[in-house]
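Have a look at the structure below before the remarks.
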Number of protein chains: 4
Amino acid sequence: MLFELDFQSPVPIYKQIRDQVVLAVAEGRLLPGERLPAIRTLAEDAGVNNMTVSKAYQLLKSEGYLVTDRRSGAVVCRPSAPAGLDEDQMVRLRMLAGEAKLAGLSRAEFEALCGSLYHETEG
Amino acid sequence: MLFELDFQSPVPIYKQIRDQVVLAVAEGRLLPGERLPAIRTLAEDAGVNNMTVSKAYQLLKSEGYLVTDRRSGAVVCRPSAPAGLDEDQMVRLRMLAGEAKLAGLSRAEFEALCGSLYHETEG
Amino acid sequence: MLFELDFQSPVPIYKQIRDQVVLAVAEGRLLPGERLPAIRTLAEDAGVNNMTVSKAYQLLKSEGYLVTDRRSGAVVCRPSAPAGLDEDQMVRLRMLAGEAKLAGLSRAEFEALCGSLYHETEG
Amino acid sequence: MLFELDFQSPVPIYKQIRDQVVLAVAEGRLLPGERLPAIRTLAEDAGVNNMTVSKAYQLLKSEGYLVTDRRSGAVVCRPSAPAGLDEDQMVRLRMLAGEAKLAGLSRAEFEALCGSLYHETEG
DNA sequence: GTGGTCTAGACCACA
DNA sequence: GTGGTCTAGACCACG
């Protein structure tokens with residue numbers, strides 16, 4: 001099963017789905033060209049509303065991680081024009097850098113940690 | 001002025017305040033022991049409600065970035081026992097590592113970026 | 001009716017709500033997995049503001065007595081990893097032990113009293 | 001030094017002073033007939049406002065733990081007519097019994113804990 | 001429907 | 001002066 005949803009999390013469910021798809025792609029568990037389950041299927045499996053899954057898929061589409069083909073449904077794809085992190089992502093990363101510093105990590109430790117997390121995603 | 005709030009942002013205002021305080025501490029613009037503005041003062045300056053600021057301060061307190069002295073109000077402090085990133089922070093960082101990868105950054109580039117953001121906070 | 005609030009009490013209303021929920025759980029009047037009334041419902045029934053109830057619920061959540069399921073609202077739960085009394089609770093108990101002694105109770109009487117109060121909560 | 005005040009505690013300072021006097025009496029560190037420091041002295045030593053100490057002393061007086069003699073100042077005394085715990089104390093103890101139960105303590109464990117805390121105060 | 005957030009006031013306890 | 005609490009509304013995100 002691809003998804004582990006936490007209904008008690010403050011993170012919206014559609015966001016959790018989106019996040020887990022992105023991670024799966026980054027880690028190579030989901031390959032470009034591969035099909036995602038149909039909305040109804042996934043919704044039933046995960047015990048959530050169709051609308052919730054639909055929202056997640058639309059978000060993924062708008063971010064370029066997904067294309068919907070009329071015949072084959074939702075298909076994974078890596079962003080066509082990778083252009084570095086966008087502003088929102090930079091803000092989040094900067095925030096984490098600050099928190100890491102206050103949490104006692106040195107710059108080297110923080111870099112190493114980031115690298116190892118990137119590596120993990122090598123799958 | 002310490003705070004720049006974006007009232008259009010989906011990020012709650014109390015969270016924006018919290019974030020900016022944390023960043024300010026990390027960047028050395030706010031020193032441990034320094035006093036934060038009184039709730040009412042900040043609320044008026046920023047044009048938001050007292051309770052919004054109050055909520056931000058309580059969040060900061062619960063995270064250990066702030067203590068409220070019964071005599072002198074809100075005082076900045078670095079977490080007494082820095083213990084690395086917590087689980088939530090790790091999840092956020094891991095997510096960013098994945099997104100960075102899909103955005104076309106190499107591991108080295110990502111590490112360098114993280115390092116530079118950490119460095120920025122050296123203030 | 002689950003709640004009896006005393007608006008004259010110096011104890012904040014949100015704290016009273018929190019206390020009564022905890023007691024109800026301890027006494028078995030509220031079972032793990034059971035739903036608590038919706039914030040608005042409870043607020044209206046009790047004649048208090050939504051935010052007051054909301055604050056009580058958030059406090060209960062932070063203490064692990066409550067989880068809010070994104071689909072079905074507030075659900076009671078016993079702390080997953082019961083780990084004895086925390087420091088604050090120990091301080092309060094120690095204070096009471098001292099007061100009991102000064103109130104003329106012998107050690108045996110105090111123990112018996114504590115036991116009987118625990119027993120009451122067997123519900 | 002008799003007092004250790006925590007200015008960052010949510011417990012009011014006057015209440016902390018009152019609590020520590022009561023504990024000291026219960027533990028025998030303060031004996032009936034003994035004099036407490038003058039308000040001004042204590043206030044200066046502890047770095048708090050005269051009013052704060054005064055409030056604590058008045059509270060202690062109203063509870064019967066203290067009498068003020070025009071010549072000798074504030075004098076410790078055990079309550080003249082020990083009459084068991086009052087209603088407020090019972091409520092607090094009952095609350096703790098419930099919390100102890102939810103924290104995983106058995107009735108026997110709770111009783112033993114209460115007993116040991118009482119014993120500690122034997123000093 | 002749910003909880004989360006916010007406003008524009010207010011009162012109180014504390015120091 | 002400070003923070004803590006509360007009210008009576010409101011809007012939004014989520015499912």
Side-chain angles (χ1 to χ4, degrees), chain A residues 5 7-17 43 46-56, chain B residues 5 7 9-17 35-44 46-59 61 66-75, chain C residues 5 7 9-17 35-44 46-59 61 66-75, chain D residues 5 7-17 43 46-56:
Chain A
L5 302 179
F7 296 110
Q8 294 159 15
S9 162
V11 179
I13 295 175
Y14 81 90
K15 185 68 161 36
Q16 292 184 43
I17 296 176
V48 300
N49 198 302
N50 286 343
M51 262 183 49
T52 307
V53 180
S54 169
K55 199 165 182 175
Chain B
L5 302 179
F7 296 103
S9 165
V11 180
I13 294 176
Y14 80 90
K15 183 68 162 37
Q16 292 184 42
I17 295 176
R35 277 194 58 183
L36 242 47
I39 289 186
R40 282 167 184 71
T41 311
L42 176 50
E44 195 170 351
V48 299
N49 189 275
N50 287 342
M51 289 204 59
T52 305
V53 180
S54 174
K55 193 165 184 177
Y57 277 25
Q58 279 188 270
L59 180 55
K61 257 169 62 176
L66 201 65
V67 293
T68 55
D69 189 299
R70 292 193 84 82
R71 296 164 305 178
S72 46
V75 175
Chain C
L5 302 179
F7 296 104
S9 165
V11 179
I13 294 176
Y14 81 92
K15 185 66 163 36
Q16 293 184 42
I17 296 176
R35 278 193 57 183
L36 242 49
I39 290 185
R40 282 166 183 71
T41 311
L42 176 51
E44 195 171 351
V48 300
N49 189 274
N50 289 341
M51 289 204 59
T52 306
V53 180
S54 173
K55 192 164 182 176
Y57 277 24
Q58 278 187 271
L59 180 54
K61 259 169 59 176
L66 201 66
V67 293
T68 54
D69 188 300
R70 293 193 83 81
R71 296 165 305 178
S72 46
V75 175
Chain D
L5 302 179
F7 297 109
Q8 293 157 16
S9 163
V11 180
I13 294 175
Y14 81 92
K15 183 69 163 34
Q16 292 183 45
I17 295 176
V48 301
N49 198 303
N50 285 344
M51 263 183 49
T52 306
V53 179
S54 169
K55 198 164 182 175

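Each chain gets a letter, A, B and so on, in the order its sequence line appears, and its residues count up from 1.
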Inset, instruction - For C:L66 and C:K61, work out which heavy atoms get closest and say how close. - result: O-CG, 3.3 Å

Legend entry - Short side-chain to backbone donor-acceptor contact, B:R35 and B:S72, under 3.5 Å: yes

Inset, instruction - Using a 4.0 Å cut-off on protein heavy atoms (strictly under), produce a 5'-to-3' string for nucleotides 9-15 of chain E with B for base contact, S for backbone-only sugar-phosphate contact, and - for none. - result: --B--SB

Legend entry - Identified side-chain contact (heavy atoms from CB on, under 4.5 Å) partner of A:F7 from the options C:T68, C:D69, C:V67: C:D69

Inset, instruction - State whether the number of non-hydrogen atoms from other residues, nucleotides or ligands found under 6.0 Å of D:Q8 atom CD is greater than 12. - result: yes

Inset, instruction - Calculate the interatomic distance between A:Q16 atom CD and F:dA13 atom C1'; express it in whole Å. - result: 15 Å

Inset, instruction - Round to a whole Å and report the spacing from CG of C:L42 to C1' of F:dC6. - result: 15 Å

Legend entry - Residue closer to the 5' end of DNA chain F, C:F7 versus B:T41 (nearest nucleotide): B:T41

Inset, instruction - Work out which heavy atom in A:Q16 is nearest to a heavy atom in A:S9; give both atom names and the distance. - result: NE2-CB, 3.6 Å

Inset, instruction - Whole angstrom is fine here: how far is it from CD1 in C:I39 over to P in F:dA13? - result: 18 Å

Inset, instruction - Starting from C1' on E:dT5, measure out to CD on B:Q58 and report it in whole angstrom. - result: 15 Å

Legend entry - Distance, rounded to the nearest Å, where B:L5 contributes CG and E:dT5 contributes P: 15 Å

Inset, instruction - Report the distance from atom CZ of C:R70 to atom OG1 of A:T52, rounding to the nearest 0.5 Å. - result: 10.0 Å

Legend entry - Each stem that DNA chain E is part of, given as range with range (3 or more consecutive Watson-Crick or G-U pairs, under 3.5 Å): E:1-14 with F:1-14

Legend entry - Min side-chain heavy-atom separation C:L36-C:L42 under 4.5 Å: no

Legend entry - Atom-pair distance (CD on A:Q8; P on E:dT2), nearest Å: 18 Å

Legend entry - Check: C:V48 and C:Y14 side chains under 4.5 Å, non-hydrogen atoms: no

